[in-house]
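Report on one structure; see the data block that follows.
In listed order, ligands and their atoms are each counted from 1. Computed from a prediction, not measured in an experiment: that's the story for all the values here.
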Amino acid sequence: MTRLAATATAPANFALSKYWGKRDAALREPSVPSLSVCVEGLTATATVRFHREPGPDRCTLQGRPADARTLARVRRVLDAVRSRSTGLGFAEVRSESDFPVAAGLASSAAGLAAVAGAAWCAAGLASDSLDAMALVARLGSGSACRSIHGGFVAWEPGPHGSRVYPVAPPEHWPLELCIVQVSGTPKEVGSTEGMEHALRTSPMWEAWLRQAPEDFAAIARAVSEKDFAALTALAEANCLLMHATTITARPAVFYLNPTSLEVLDAVLRIRRGGLFCFFTMDAGPNVKVFCPPGLGDDLADALRAELGEAVLIRRSRVGGGLRLLRGDP
Ligand code: DP6
């Protein structure tokens, strides 16, 4: 039965093993496998309402009309849903997130996952087909596919297209984290452009393609064995190699800024002081610092002591995935 309107919420996800590079840009097929965690407290909520008549799709983001780029991403998701159903015309989409958009806090992943989930449900498609829903979400933004299943999620390229699958639920290893918000302003070079530029111009690209699958396998093993020491070494190295591809691109792109580097330095000091933790960063200056379950308060105190009030620290933990709020008006 076609429902026509639905609302869904989806979390941000942070990669421990990064998606960086596409083997097929139009289909957003990744060059390398990635593994991420969905996190609590950074959530996007989207409502999608399909009409029967054809027409241009409309989309608001945080209450304002979406720019052309965002609208194009949303439309790719809507088109994929429309192609799996019948009699669906244009859509009205409303998306809100409770954290800064485009500041390296995975807002596009959460937003497009929520749009995909809401559109899927509004079209009356089976709400338990999370794998298919995830592959639709990735057409809007690759990393969005990892915000559908909760907990630890993998996304792997394959000969017949990529595959998204849950690796472990949040309860398996409820890691905690502090998000050190160095900046809340939109980044200058988006991930799409950053990875494309690195792929075309960085002499480090070949090294990335060789190393990333190895890191992914070892990170999946560390997660399955709950080996925090192994995960620390692997996740930091994987993140820094990803950043090395943009720093060595021509011209260079820096997602880290001087404050990000101070945060990384603080994490190393905190670790030397005996508190288990590691950092990761995405295509923006903010830093995510993970610690074992139960140590989040200690980590937040230690980061505050090192960094003072100059940065904003948000606490979070590994959490669930998409939630469909059915039959919304
Ligand atoms: C650095 O999913 O934003 O966060 O598919 O071009 O929309 P597009 O890219 P996007 O890239 C995310 C890259 C990353 C690493 C990751 O999340 O794995």
With side-chain hydrogen bond (donor to acceptor under 3.5 Å, both in side chains) as the test, would you mind laying out the steps for T45 and E96 before giving the verdict? CA-CA 5 Å; T45 303; E96 315 269 343; over 6 Å; no

Cluster companions of L264 among Ile, Leu, Val, Met, Phe, Trp, Tyr (side-chain spacing under 4.5 Å):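 Grouped by the 4.5 Å side-chain rule, V180, V182, L240, I247, F254, L256, L261, V263, V267, L268, I270, L275, F279, M281, V287, V289, L295, L299, L303, L307, V311, I313 form the rest of the cluster around L264.
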
Rest of the hydrophobic cluster containing M242 (Ile/Leu/Val/Met/Phe/Trp/Tyr, side-chain heavy atoms under 4.5 Å)?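 Y19, W20, V32, L135, V153, W155, V164, V189, M195, L199, M204, W205, W208, L209, L241, V253, Y255, which link up through side-chain heavy atoms under 4.5 Å apart, make up the rest of the cluster.
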
Quick one: which residue pairs count as a ring pair (Phe, Tyr, Trp, His ring centres under 6.0 Å) with a foot in residues 178-200, not counting sequence neighbours?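 Passing the test, one end in residues 178-200: no pairs.
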
Which protein residues have a heavy atom under 4.0 Å from ligand 1?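 Lining ligand 1 at under 4.0 Å, by heavy atoms, one finds A15, K18, Y19, W20, K22, R28, R73, S141, G142, S143, R146, S191, T192, M195, M242, D282, A283.
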
Under the salt bridge (Lys or Arg N to Asp or Glu O under 4.0 Å) criterion, do R58 and E92 qualify, and how do the steps go? CA-CA 5 Å; R58 295 201 286 259; E92 282 175 277; 3.5 Å; yes

Flag for R146-S34: side-chain donor and acceptor within less than 3.5 Å: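 Yes, because at least one side-chain N or O of S34 sits under 3.5 Å from a partner of the opposite role on R146.
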
